[in-house]
Structures are given as structure tokens and as C-alpha cells.
Amino acid sequence: SMLLMHPSIANATTTELAEHGKELSAAVEPLAAPELIRAFGAEDLALDRYQARLVSRLNAEVHRDALSQSTREPLVWSI
């Protein structure tokens, strides 16, 4: 089955998912080579990068939620 939704909500959902991936990447990358982060004193940079990605993802989530609330269209399932 397939979920149909308003195109603007679909685009906002795609953006939110992309931002989520960027957030996870910013969280995992420092864990892949913590010795490099420490050696270059980049702890603050890594934290700032993660926080920026988190804010971007949360903003995308709020935008998607606002679109969902404003359209108030029923979701339609097709078979």
C-alpha cells in the first residue's frame, strides 16, 4: 500500500529526513576517530557542528508539523 500526502508535506518530510541524516553523521563522525578530534583540539568544533545540525533538523521538523497542521487533509491509503 502507498501513503498519499500533500506535495508540500512530502517535500518537508524529505527535507526533515535529510537533516536527520546530517545530524546523525555529525554525531557519529567524531566517534569514528576520537583520537584525531582530541589531537587537533576539535572537540568544540565537533560539538558546534552537531548542535547546528540538530537545530536544522528540529527546524525542519517544526516546519513539517506546521504544514501538516495547516493542510488538515485526511491521509489517503491506496491499495
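Residues: numbered from 1 along the sequence shown. Side chains included, hydrogens not; waters and symmetry mates left out as well; all remaining heavy atoms used.
Atom CG of N11 sits about 13.0 Å away from atom CZ of R64, to the nearest 0.5 Å. Note that CD of E29 is 12.0 Å distant from CG of L36, once rounded to the nearest 0.5 Å. In this structure, H6 NE2 and S70 OG are separated by 8.0 Å, a value rounded to the nearest 0.5 Å. Here NE2 of H63 is found 9.5 Å from OG1 of T13. Values are rounded to the nearest 0.5 Å. From D65, atom CG reaches atom CD1 of I9 across 10.0 Å, with rounding to the nearest 0.5 Å. Here the CG-CZ distance, from L24 to R57, works out to 8.5 Å after rounding to the nearest 0.5 Å.
Between E23 and the options V28, L54, V55, a side-chain contact (heavy atoms from CB on, under 4.5 Å) holds for only L54.
Using a 4.0 Å cut-off between charged nitrogen and carboxylate oxygen, E35 and R38 do not count as a salt-bridge pair.
The shortest heavy-atom contact between I37 and A46 is CD1-CB, 4.5 Å. The two residues S8 and L67 make their nearest non-hydrogen contact at O-CD1, 3.6 Å. For A26 against Y50, the heavy-atom pair with the smallest separation is CB-CA, 3.9 Å. Nearest heavy-atom pair, T15 versus A60, reported as atom, atom and distance to 0.1 Å: CG2-CB, 4.3 Å.
The side-chain heavy atoms of E61 and E19, taken from C-beta on, include no pair separated by under 4.5 Å. Side-chain contact between L58 and V62 is absent, with no heavy-atom pair separated by less than 4.5 Å. In this structure, the side chains of H20 and E16 stay at 4.5 Å or more apart for every pair of heavy atoms.
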